[in-house]
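See below for the structure under consideration.
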Amino acid sequence: MKKITLTEETKQGLLQELLKRSPESYGSYESIVQDITKRVRREGDQALFSFTKQFDHCEINASNILVAKDEIREALDVLEPDFLQVMEEAAANIRAFHQKQLRSSWIDTKQDGSILGQRILPIARAGVYVPGGKAAYPSSVLMNVIPAEVAGVPDIIMTTPPGADGKINPATLAAAHIAGVDRIYKAGGAQAIAAMAFGTESIPRVDKITGPGNIFVALAKRAVYGHVSIDSVAGPSEILVLADESANPRYVAADLLSQAEHDELASAILITDSPQLATQVEEAIADFLPRLSRRDIIEKSLDNYGYILLADDMAEAIGAANEIASEHLEILTANPFEVMTKIQNAGAIFLGEHSCEPLGDYFAGPNHILPTNGTARFFSPLGVDDFIKKSSIISYSGAALEAVHDKIELFARKEGLTAHENSIRVRFDA
């Protein structure tokens with residue numbers, strides 16, 4: 001990790017470095033993704049099956065692309081009962097948290113005869129993408145599907161890449177079953193995103209696509225946006241730990257490493273006003289590393305995007321944290337709740353030494369699909385609102401419109417829209 005003194009110059013340099021991890025910097029892959037999405041849109045299943053064979057080394061066709069019920073039963077049978085129970089408990093926590101986000105339609109009737117309101121409905125079909133390949137991410141299944149289910153989406157489909165044997169990881173299938181997915185398709189990568197966006201003979205078109213993925217998935221989501229809604233174009237994972245001298249250095253080190261193991265592009269940052277803590281964290285990282293299975297990935301992540309920033313005081317540290325706007329922000333200070341009141345930008349905030357980031361990843365209930373690359377300045381975690389749509393309701397009586405018609409006509413004239421003016425005026429011509 002790079003240890004540097006926090007100044008305006010070093011902070012701006014860090015922000016520029018972090019932006020290099022953004023999908024906006026993946027230009028060299030765009031032509032590949034554009035070709036894939038265009039072919040799937042044009043050729044449907046034919047292109048989808050061809051790309052699955054090319055990239056996943058698996059023969060998929062119309063008869064086996066849909067995961068069968070016996071495949072799900074087999075997955076439930078082979079998984080340890082203890083793990084299934086943990087997933088059930090996590091799902092209950094996630095569902096309970098997201099149910100508090102539900103909103104109702106409303107109507108406001110006034111004495112002058114005007115009626116205004118908002119109608120809230122779920123989208124008709126949600127498409128969830130779940131990464132596959134070398135690793136399984138059942139937690140991402142729960143985090144993407146359950147908010148859609150709570151929102152009342154009547155049709156939730158999922159795509160995930162198959163192995164060369166044509167099978168899906170049992171944990172992924174079990175999580176989909178627990179979360180309430182309606183159909184699961186064996187398709188991955190940019191071709192799966194295109195299939196959900198445009199529809200093929202086998203995979204229906206969806207209204208919104210959510211879920212994380214690699215560079216190709218991120219760029220495909222950006223390419224199809226507008227034809228379909230998406231959650232975001234997410235970048236690599238990141239954590240920022242804001243700590244003072246009261247923090248346990250081993251906890252800080254362990255939490256930084258927990259994100260660095262995700263990806264060589266993952267970012268792990270400590271901001272502290274304690275030089276002593278900074279040194280102790282470095283020592284703890286060196287102690288932990290030899291024991292960790294993904295050491296090579298962690299070391300590359302820390303070499304490229306690992307930072308210890310030394311601030312003059314906590315006020316300066318908090319200011320930097322707000323500018324970085326990290327996906328995950330841990331506050332390990334003597335008064336974490338007081339510090340939290342000064343935080344403006346973060347995807348998820350973890351308070352106190354027992355609220356480590358993996359708690360949020362797997363079990364607590366808040367969503368772990370979070371804004372990255374500084375987008376926490378204007379984006380929010382995935383939630384129920386991502387799976388609803390709103391319609392405004394307007395109803396005026398004749399008397400209510402008559403009371404304001406001259407004002408509307410004036411507004412229309414000022415914008416030079418005489419047909420707008422006429423639409424109002426015609427209702428009051430003698």
Side-chain angles (χ1 to χ4, degrees), residues 87-108 117-130 137-160 172 175-184 193 196-197 204-213 221 224-226 228-234 325 327-329 345-350 355 357 359-372 375-393:
M87 281 202 287
E88 291 276 9
E89 289 182 36
N93 292 342
I94 296 164
R95 186 169 287 108
F97 179 87
H98 287 84
Q99 282 173 339
K100 295 183 185 298
Q101 299 177 350
L102 280 169
R103 293 195 281 173
S104 300
S105 301
W106 57 270
I107 290 286
D108 181 21
Q118 182 171 261
R119 190 180 185 206
I120 297 176
L121 294 171
I123 61 174
R125 181 180 292 129
V128 172
Y129 183 84
V130 178
Y137 299 98
S139 60
S140 285
V141 178
L142 301 179
M143 293 291 182
N144 278 278
V145 174
I146 290 175
E149 182 257 336
V150 170
V153 177
D155 191 13
I156 305 171
I157 72 168
M158 186 177 99
T159 62
T160 188
T172 299
H177 174 75
I178 290 169
V181 173
D182 293 293
R183 282 160 291 162
I184 307 166
I193 300 299
M196 289 192 286
R205 180 180 179 180
V206 303
D207 298 305
K208 183 159 191 170
I209 298 173
T210 68
K221 287 170 72 176
V224 302
Y225 177 65
V228 64
S229 180
I230 63 172
D231 50 354
S232 65
V233 182
E327 177 187 20
H328 306 98
L329 171 64
N345 304 318
I349 304 172
F350 300 79
S355 305
E357 189 278 338
L359 173 66
D361 265 357
Y362 297 115
F363 201 75
N367 211 289
H368 78 197
I369 309 296
L370 302 166
T372 59
T375 59
R377 293 179 294 111
F378 45 83
F379 279 147
S380 304
L382 188 73
V384 169
D385 280 353
D386 287 285
F387 298 98
I388 63 171
K389 55 184 180 177
K390 306 163 195 168
S391 297
S392 299
I393 298 170

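Starting from 1, each residue takes its place in the sequence as its number. Values below: every heavy atom of this structure, side chains too, minus hydrogens, waters and symmetry copies.
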### Task
Report yes if some heavy atom in the side chain of V181 is under 4.5 Å from a heavy atom in the side chain of V128; otherwise report no.
no
### Message
Looking at G211, is its backbone amide N or carbonyl O close enough to the side chain of K221 to form a donor-acceptor pair, meaning the two atoms are under 3.5 Å apart?
### Response
yes
### Query
Less than 4.5 Å apart, any side-chain heavy atom of S355 and any of I349?
no
#### Entry: side chain to side chain contact (heavy atoms under 4.5 Å, CB included) evaluation trace for T210 with I369
CA-CA 9 Å; T210 68; I369 309 296; over 6 Å; no
### Summary
When rounded to the nearest 0.5 Å, the distance separating CD1 of I184 from NE2 of H177 is 10.0 Å
### Query
For A124 and V153, which heavy atoms make the closest approach, and how far apart are they?
O-CG1, 4.0 Å
### Query
About how many Å separate CZ of R95 and CD1 of I178, when rounded to the nearest 0.5 Å?
9.5 Å
### Task
Please check if atom OH in Y362 has more than 12 non-hydrogen atoms from other residues, nucleotides or ligands closer than 6.0 Å.
no
### Test item: Q101 and V150 side chains (from C-beta on) under 4.5 Å apart, heavy atoms
no
### Query
Considering all heavy atoms of both residues, which atom of I146 and which atom of A179 are nearest to each other, and what is their separation?
CG1-CB, 4.0 Å
### Message
Between R183 and P204, is there a side-chain heavy-atom distance shorter than 4.5 Å?
### Response
yes
### Task
Kindly compute the distance separating OG (S380) from CG (D386), expressed to the nearest 0.5 Å.
8.0 Å
### Closest non-hydrogen atom pair between A175 and M87, with its separation
CB-SD, 3.9 Å
### Message
As an exercise, state the distance from NE2 of H368 to CG of L359, rounded to the nearest 0.5 Å.
### Response
13.0 Å
### Task
Grab the two heavy atoms, one from N367 and one from H98, that are nearest each other, plus how far apart they are.
ND2-NE2, 3.3 Å
### Side-chain heavy atoms of P122 within contact of F387, under 4.5 Å
no
### Task
Please name the pair of heavy atoms, one in I123 and one in K208, separated by the smallest distance, quoted to 0.1 Å.
CD1-CB, 3.7 Å
### Summary
To the nearest 0.5 Å, atom CG of L121 lies from atom OG of S105 at 6.0 Å
### Message
Test side chain to side chain contact (heavy atoms under 4.5 Å, CB included) on I156 and E149; report intermediate values, then the result.
### Response
CA-CA 8 Å; I156 305 171; E149 182 257 336; 4.1 Å; yes
### Query
I193 and I209: which non-hydrogen atoms are nearest, and at how many Å?
O-CD1, 3.6 Å
### Query
Do M196 and I157 have side-chain heavy atoms sitting under 4.5 Å apart?
yes
### Message
Can you confirm whether R103 sits close enough to D385 that some side-chain heavy atom of one is under 4.5 Å from a side-chain heavy atom of the other?
### Response
yes
### Query
Looking at D182 and R125, does any basic side-chain N land under 4.0 Å from a carboxylate oxygen?
no
### Query
Can you tell me how far the CG atom of D361 sits from the CG atom of L370, to the nearest 0.5 Å?
8.0 Å
### Query
N144 versus V130: any side-chain heavy-atom pair under 4.5 Å?
no
